[in-house]
Amino acid sequence: GPKVLQIPSHQIIDMGQMVTLNCDPVSNHLYFYWYKQILGQQMEFLVNFYNGKVMEKSKLFKDQFSVERPDGSYFTLKIQPTALEDSAVYFCASSSPGLGKQYFGPGTRLTVL
Amino acid sequence: GDSVTQTEGPVTLSEGTSLTVNCSYETKQYPTLFWYVQYPGEGPQLLFKVPKANEKGSSRGFEATYNKEATSFHLQKASVQESDSAVYYCALSDNDNNAPRFGAGTKLTVKP
């Protein structure tokens with residue numbers, strides 16, 4: 001079936017540095033999402049992105065977070081600067097308009113030291 | 001805001017026994033309800049979704065009925081298998097394009 005890819009699978013960085021998480025969504029999907037999952041805890045919604053704009057974001061989507069999808073390439077989540085509490089697995093998802101079915105990637109495990 | 005509450009895990013069952021994972025929700029909208037399954041090292045996969053009240057969704061022997069009066073969407077399976085061991089998430093969305101909001105997840109372990 002359709003697959004969402006995430007690059008890298010693991011990332012370790014020092015607190016205060018910038019990190020970019022990459023998502024390769026399902027071809028022809030137009031809605032993109034990021035979720036955060038701290039180990040052993042639930043999936044928390046971060047942001048919903050469509051047509052170059054943030055459509056919806058949660059209180060977890062701090063000012064240090066930004067998303068973009070330049071020219072139909074990867075959908076990215078950038079964190080600048082990172083904090084210890086940003087350590088988590090970040091899941092990307094994509095969907096086609098109106099179908100109500102989101103496809104999730106395998107996640108990127110981010111460790112902030 | 002919208003929220004989902006589900007059976008707190010973990011749940012351990014023997015193969016062949018029945019499963020019920022409770023899910024209740026709060027919303028002011030008319031949501032679509034989902035059950036997702038997540039295996040270790042993977043992202044959540046949609047098990048099934050039900051967009052309308054009083055309808056039932058099913059997949060792989062799992063089923064749930066959208067009960068609008070009780071605001072519930074309990075997941076059931078008559079006979080679980082070892083391969084069903086995973087984390088199960090109830091979720092809701094008030095719009096096909098909005099992001100589903102997940103419950104806390106219920107970890108199921110099925111022993112042979």
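Nothing here was measured: the structure is a model prediction, and the numbers come from that model.
- A:Q41 approaches B:Y89 most closely through the heavy-atom pair O-OH, 4.0 Å.
- One distance of note links CZ of B:R101 with CE of A:M43; it measures 12.0 Å at 0.5 Å rounding.
- For chain B, the nearby part of A:Y35 is the side chain; its heavy atoms alone come within less than 4.5 Å.
- Across all non-hydrogen atoms, the minimal contact from B:N98 to A:Q102 is O-NE2, 3.5 Å.
- Note on A:F45 and A:F61: separate hydrophobic clusters, where clusters join Ile, Leu, Val, Met, Phe, Trp and Tyr whose side-chain heavy atoms are under 4.5 Å apart, directly or indirectly.
- Under a hydrophobic clustering in which Ile, Leu, Val, Met, Phe, Trp and Tyr are joined whenever their side-chain heavy atoms come within less than 4.5 Å, directly or via other members, B:Y36 and A:I38 fall into different clusters.
- Both the backbone and the side chain of B:P100 come within less than 4.5 Å of a heavy atom in chain A.
- The backbone N or O of B:F102 sits less than 3.5 Å from a side-chain atom of A:Q42, completing a donor-acceptor pair.
- Counting heavy-atom pairs closer than 4.5 Å to chain B, the top residue among A:Q37, A:R109, A:E44 is A:Q37.
- Comparing B:P51, B:G103, B:G105 by heavy-atom pairs within less than 4.5 Å of chain A, the highest count is held by B:G103.
- Annotation: A:L39, atom CG; neighbour count of heavy atoms from other residues, nucleotides and ligands within 6.0 Å does not exceed 12.
- In the displayed structure, B:E8 atom CD is contacted under 6.0 Å by at most 12 heavy atoms of other residues, nucleotides or ligands.
- Linking Ile, Leu, Val, Met, Phe, Trp and Tyr residues whenever their side-chain heavy atoms come within less than 4.5 Å places B:Y39 and B:L19 in a single cluster.
- In this structure, no portion of A:S58 lies under 4.5 Å from any heavy atom of chain B.
- The local environment of CG in A:N28 is sparse, with at most 12 non-hydrogen atoms from other residues, nucleotides or ligands closer than 6.0 Å.
- Counting heavy-atom neighbours within 6.0 Å of B:E55 CD, excluding the residue itself, gives a total above 12.
- For a heavy-atom cut-off of 4.5 Å, chain A lies close to B:G41, B:E42, B:G43, B:P44, B:L46 in residues 40-47 of chain B.
- A:K78 NZ: 12 or fewer foreign heavy atoms inside a 6.0 Å radius.
- No more than 12 heavy-atom neighbours from other residues, nucleotides or ligands sit within 6.0 angstrom of OH on B:Y30.
- In this structure, A:Y74 places its OH atom where only 12 or fewer heavy-atom neighbours from other residues, nucleotides or ligands lie under 6.0 Å away.
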